[in-house]
Amino acid sequence: MCNRFSLTAELSDLTENFRIDRVHVPYLLRYNIAPTQQIPIIQQIGEERCLNQQRWGLMPYWGKNSINANVDTLGDRKYLRAMLTKKRCVVPCSGFYIWKQEGKSKSAWRVVHRKKSTFAMPALYDVWLDSEKNEFPMCTVITRGLSFETDQPLPVILDDESLELWLNPEETRIDVLQSMLQSLPDADFRSYPVTPFIENSSWETPDCIEEVHPSLALVKI
């Protein structure tokens, strides 16, 4: 699963590139975003495109935290289909992390887009109400296919035209929405080895995104 990513764009660049009208939450550069954390998301609220935050991982009634939703299941599962038509958002991302198996070791790699310093990952969201009717927004990132000869799914990335449709609440046609969820070829990305400390979700420093010698990315399993 896609379970780590970074967002290192300055707020001014993020609001300009994604045409964000209003920022509802404090914004910090993030170097090692992990499941169950609050993550920045972009959503359409009325006439405004807003930067908000949601818990990464759907819960609780369908069991374990669902941090990814495979595009092939969106039309089959009733709760995902309902979110697809009514509850869509975008997760901005500067790069995501993968693990490559190398014998009895694995190595950590960061994947970035060759042309986009920050790109849009489509996501679905829901709002969980606790017993006191407090609202807890939560989201899941949509994936498709496998990435870079690993068993980890590749997050879908939206182009500018698809981004506009994805955030348009008036677009509810499932076939149209699913048609824009195409995985991009590996050639559109660049990957490089990084510190294996990214496996620790509390490790949150600029060192996470720095390229290291391949031998320093290895960790025995």
Between Thr140 and Asn68 (side chain of the first, backbone of the second, donor and acceptor by atom type, cut-off under 3.5 Å), is there such a pair?
yes

Atom of Thr118, atom of Ser94 and distance for their closest heavy-atom approach
OG1-OG, 3.4 Å

With a 3.5 Å distance limit and no angle check, can you tell me whether Arg55 reaches the backbone of Gly57 through a side-chain donor-acceptor pair?
yes

So, does Asn32 use its side chain to make a donor-acceptor pair with the main chain of Asn200 at under 3.5 Å?
yes

Is the side chain of Arg88 donor-acceptor paired with the backbone N or O of Trp166 at a distance under 3.5 Å, no angle test?
yes

4.5 Å side-chain heavy-atom contact, Ile39 and Phe5:
yes

Taking the side chain as every heavy atom from C-beta outward, state whether Val91 and Trp56 have any pair of such atoms under 4.5 Å apart.
no

Parallel, tilted or perpendicular: rings of Phe119 and His113 (30°, 60°):
tilted

Would you check if the side chain of Ser6 reaches a backbone N or O of Thr8 as a donor-acceptor pair within less than 3.5 Å?
no

Side-chain heavy-atom pair Phe96, Leu154 within 4.5 angstrom cut-off:
yes

Pair Asp188 + Lys115: basic N to acidic O under 4.0 Å
no

Is a side-chain donor or acceptor of Arg49 paired with a backbone partner of Ile42 at a separation under 3.5 angstrom?
no

Any side-chain heavy-atom pair from Pro137 and Asn52 closer than 4.5 angstrom?
no

Cluster overlap Ile98 with Phe197, hydrophobic side-chain contacts below 4.5 Å
no

Heavy-atom distance under 4.5 Å between the side chains of Tyr125 and Ile41, does that happen here?
no

State whether the side chain of Gln37 and the backbone N or O of Ala34 hold a donor-acceptor pair below 3.5 Å, judged by distance alone.
yes

Can a donor-acceptor pair be found, under 3.5 Å and without considering hydrogens, that links the side chain of Arg22 to the backbone of Glu48?
no

Given 3.5 Å as the limit, does a donor-acceptor pair link the side chain of Tyr192 with the main chain of Val212, or not?
no

Can you check whether Phe189's main-chain N or O pairs, donor with acceptor, with Arg114's side chain at less than 3.5 Å?
yes

Regarding Asp159 and Ser162, do their side chains bring together a donor and an acceptor under 3.5 Å, going by distance alone?
yes

Output every pair passing salt bridge (Lys or Arg N to Asp or Glu O under 4.0 Å) with a member in residues 27-44, not counting sequence neighbours, ordered by first then second residue.
Arg30-Glu204

